[in-house]
Amino acid sequence: MSADDFKAWQAHMGWSSAETARRLGVSSDTITRYRHRGVPKRLGRLVGFACSAVAHGLPVWKRVEAGR
């Protein structure tokens, strides 16, 4: 995920860097790095999927017991 893509997603969400960090569960320094250098290649798909899930209001995955 490029820096421009990350910044566009953050702007779409309307979140400050502090709020983005809180919502993604990372540090504010990490958000600053993503905004300036993009997401590291090894994490690109993972962070991209997380951003998509958050943008669509999906909760963190939890196993559902059978019959519930």
* Asked: Looking at residues at least two apart in the chain, or sitting in another chain, which of them share a side-chain hydrogen bond (donor to acceptor under 3.5 Å, both in side chains) with Ser2?
  -> Asp5
Can you sort out the partners of [X] under side chain to side chain contact (heavy atoms under 4.5 Å, CB included), two or more places apart, ordered by chain and number?
X     : answer
Arg37 : Arg33
Ser52 : none
Thr32 : His36

* Yes or no on side chain to side chain contact (heavy atoms under 4.5 Å, CB included) for Trp15 and Val54, after CA distance, side-chain angles and deciding distance? -> CA-CA 12 Å; Trp15 293 341; Val54 169; 3.2 Å; yes
* Closest heavy-atom pair and its distance - Ala18, Ser28 -> CA-OG, 4.1 Å
* Examine Ile31 and Leu46 and state if one hydrophobic cluster contains both, with Ile, Leu, Val, Met, Phe, Trp and Tyr joined whenever side-chain heavy atoms are less than 4.5 Å apart. => yes
* Note, Gln10 side chain near Ser17 side chain (heavy atom, < 4.5 Å) -> yes
* Hey, are the side chains of Met13 and Thr20 touching, using non-hydrogen atoms and a 4.5 Å cut-off? -> no
For [X], all residues meeting salt bridge (Lys or Arg N to Asp or Glu O under 4.0 Å), sequence neighbours excluded:
X     : value
Arg63 : Glu65
Asp4  : Lys7
Arg45 : none

* To do: Could you tell me which residues satisfy ring pair (Phe, Tyr, Trp, His ring centres under 6.0 Å) with Phe6, sequence neighbours excluded, listed by chain and number?
  => Trp9, Tyr34
* To do: Not counting sequence neighbours, list each pair that qualifies as a ring-ring contact (aromatic ring centres under 6.0 Å, His included) and has a residue in residues 37-65.
  => none
* According to the salt bridge (Lys or Arg N to Asp or Glu O under 4.0 Å) rule, which pairs have a member within residues 8-23, sequence neighbours left out? -> Glu19-Arg22, Glu19-Arg23
